[in-house]
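Have a look at the structure below before the remarks.
Every chain is numbered from 1, with letters handed out A, B, ... down the list of sequences.
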Amino acid sequence: MSGIKPRLDKFDISDNTGQHQPTCSLEEKMADRQNGDLASIRHSISHIMAEAVLQMFPEAKIAIGPAIENGFYYDFDLPRALKPEDLTDIEEKMKEIIKGNHDFVKKVISKEVALKLFKSQPFKVELINELPENEEISIYTQNSFTDLCRGPHVANTNELDPGSFKLLSIAGAYWRGDEKNKMLQRIYGTAWKTAKDLRTHLNWLAEVEKRDHRKLGKELDLFSLHEEAGAGLVYWHPKGARIRSTIEDFWRKEHFRDGYELLYTPHIGKSWLWEKSGHLGFYSENMYAPLNIDDQDYYIKPMNCPFHILIYKTAIRSYRDLPLRWAELGTVYRYERSGVLHGLLRVRGFTQDDAHIICTPDQIEDEIRNVLRFSLKIWDAFKFKDIKAYLATRPEGSVGEEARWEQATESLKKAIGKENLEYTIDEGGGAFYGPKIDLKVRDAIGREWQMSTIQFDFNEPERFDMKFMDNDGTEKRPYMVHRALFGSLERFFGVLIENYAGAFPVWIAPVQVMVIPVAHTLDEYAGNLRKQLLEQEIRVEADLSDNRMNAKIRTAQQQKIPYMLIVGEKEEKEGAVSVRTRTGEQKNMMKTEEFIEFIKGKIETKDLI
RNA sequence: GCCCUUGUAGCUCAGUCGGUAGAGCACAACCAUGGUAAGGUUGGGGUCAUCGGUUCGAUUCCGAUCGAGGGCUCCA
């Protein structure tokens, strides 16, 4: 294994390292394409920001300031740390500059002139010296500011709307992203064509904040984290646990239906196992220090695969036994640097919805296709329709026979094709142990999340000498595929909370129905209704508190409970309920039996409400 | 890990230019309460993250530690 540069995503089928940053919405992307000049607007505004910063700090050293998704940034080396209030001042100066109707003037200059011009700007000098010899060196000037720049820019600041940008945050960033370099101060901003576009984007950011799973997790009493007891470790409260158990039940049922078997394996294993699997060689920086038990080192598992392989090897497997589809909700622990921990989305302990498919070469294409179809079915149940595939192929320095890589990659391609999925090929982007498909799903507000992953593994079957007896009487090496659909239950839960903004579909909602009597005299009827619904396996509560009905409705609304059953004397007399949905719809005097059938239907079809 | 910001009641936050703190929600008790998003009164609740320094006195000022939030990929 030595000599192979490990990739951090080794078997990281939970995608615990997956990006969780919002990307822009489809509409924005379309708009971007239509207006290629949005990038030049952003880039121009970043130059103007640099000018404003230089007005404040003439001794500032400027680094780079590109246009990025939704905006721009510029990195500076400044005499003091920026305060959030500084951003307002900088914005004011920028607006003044924009109103000055300054031209952006391009000039092509020689390297010598460039070096002289930027002699007091060490970062620029470094960049100039690294430019290829034949590259044209250009500078752009507006007003009092000149920057080394490839362009393009708008022709004049009058093409910019002073109300169409906003400085958002200050962040530390290493020069050239390398932590060995100096830490610079980065100012992020967002910029658009018009003030209206800016408002739209700011509203979108507000929506993102409103949906933050950490905030909703508290408000809806779903989960908590206890840094004093260990960072990145999730505590599921009763309501969160209800949701998890509903998801797990569904997950198990679908797996059995799709020909999987379930496994349960231990949480720790002796060091020889992790040496053999290679994890101690290439994954140890993500593993916790061993426990010493009876003079033996045991490691907490960061992955489930070695355990599944041990089960595989408890018998001589025939081609007649294959394919094996073994799934486990396996809880693993991985070290993540403290700075990257983030709510449920990036944690140190999590439960993967892991599975390993072990099959013959003949079966591989069907198996992959089956996994894809299965994933799509699962995503469909959660009403995620916009799914994209990313196919990562063989990188440099990988392990495994060429023929196997080819067959594997080919089978991945064919499977994607047959499922009519939109896909992108990431040439050489696979892990060293095999090619893979990642699936990204788009949420309700247009963000993409990498969730499912299907990965070939040519490494562990070799290391563990996995075999099967083929029909010609010879022992052969099976294919092994790791796959996870949700990735981890924790992360999936976080994404679900944000996707639904806490208003879970009825089938997932921890409390599906709240019975609200209009007065204490109706408490008995409310209590009986509750029992009646409970017997039908509906998750129901009755609010028999001293609060007035209005307050009870408010509380139920805030808890985003899908159905409220408001009952008074009329309802009691008729054996009926008045239904109010959290969306404000109303249906009075529905027979209780009718409501039960109605909600069961909603649960069955997995409707939002 | 590194940079910036930040840590006050269960939650959301105010406040103390240094004299050991306050609101709303939540919680408890009592009263009130019959129709679609907050009824009222009273009350309990805080070593102001931790440790150290300065000071007659520190929650407040200084330092360290621990935690949290935003970043650390976008190449002139």
Selected nucleotide, minimal atom distance to R176(A) side chain, candidates C75(B), A37(B), G34(B):
C75(B)

Under 4.0 Å between any heavy atoms, over every strand shown, what does S578(A) touch: base, sugar-phosphate, or nothing? Just pick one.
base

Mind checking if A556(A) touches a base, just sugar-phosphate, or nothing, with heavy atoms under 4.0 Å?
nothing

Classify the nucleic acid contact of R80(A) as base, sugar-phosphate or nothing, counting any heavy atom under 4.0 Å across all strands shown.
nothing

Over all strands shown, is Q586(A) touching base, sugar-phosphate only, or nothing at heavy-atom distances under 4.0 angstrom?
base

After noting the C-alpha distance and the side-chain angles of F104(A) and Y140(A), does the key distance pass the ring-ring contact (aromatic ring centres under 6.0 Å, His included) rule?
CA-CA 6 Å; F104(A) 275 85; Y140(A) 275 83; 7.1 Å; no

Regarding G568(A), tell me which of base, sugar-phosphate or nothing describes its non-hydrogen contacts under 4.0 Å with the strands shown.
base

Looking for any heavy atom pair under 4.0 Å, which part of the strands does N588(A) touch: base, sugar-phosphate only, or nothing?
base

Check every strand shown and say whether L131(A) touches a base, only sugar-phosphate, or nothing at a heavy-atom separation below 4.0 Å.
base

Would you kindly compare L184(A) and Y73(A) by the position of their nearest RNA chain B nucleotide and give the one closer to the 5′ end?
L184(A)

Heavy-atom check, side chain of R80(A) versus side chain of F57(A), under 4.5 Å
yes

Base G35(B) to side chain E571(A), donor-acceptor N/O within 3.5 Å cut-off:
yes

By the 4.0 Å heavy-atom rule, please label E572(A) as base, sugar-phosphate, or nothing.
nothing

Touch class at under 4.0 angstrom, heavy-atom based, for I137(A) against every strand present:
base

Contact class for R186(A) (heavy atom, under 4.0 Å): base, sugar-phosphate, or nothing?
sugar-phosphate

Identify whether any heavy atom of M549(A) sits under 4.0 Å from a base atom; if not, whether one sits that close to sugar-phosphate; answer base, sugar-phosphate or nothing.
sugar-phosphate

Would you say G71(B) has OP1 or OP2 under 4.0 Å from some side-chain N or O of Y174(A)?
no

Report which part of the nucleic acid E585(A) touches: base, sugar-phosphate, or nothing (heavy-atom distance under 4.0 Å, all strands).
nothing

Which part of the nucleic acid, if any, lies within contact of K570(A), taking any heavy atom under 4.0 Å across all strands shown: a base, the sugar-phosphate backbone alone, or nothing?
base

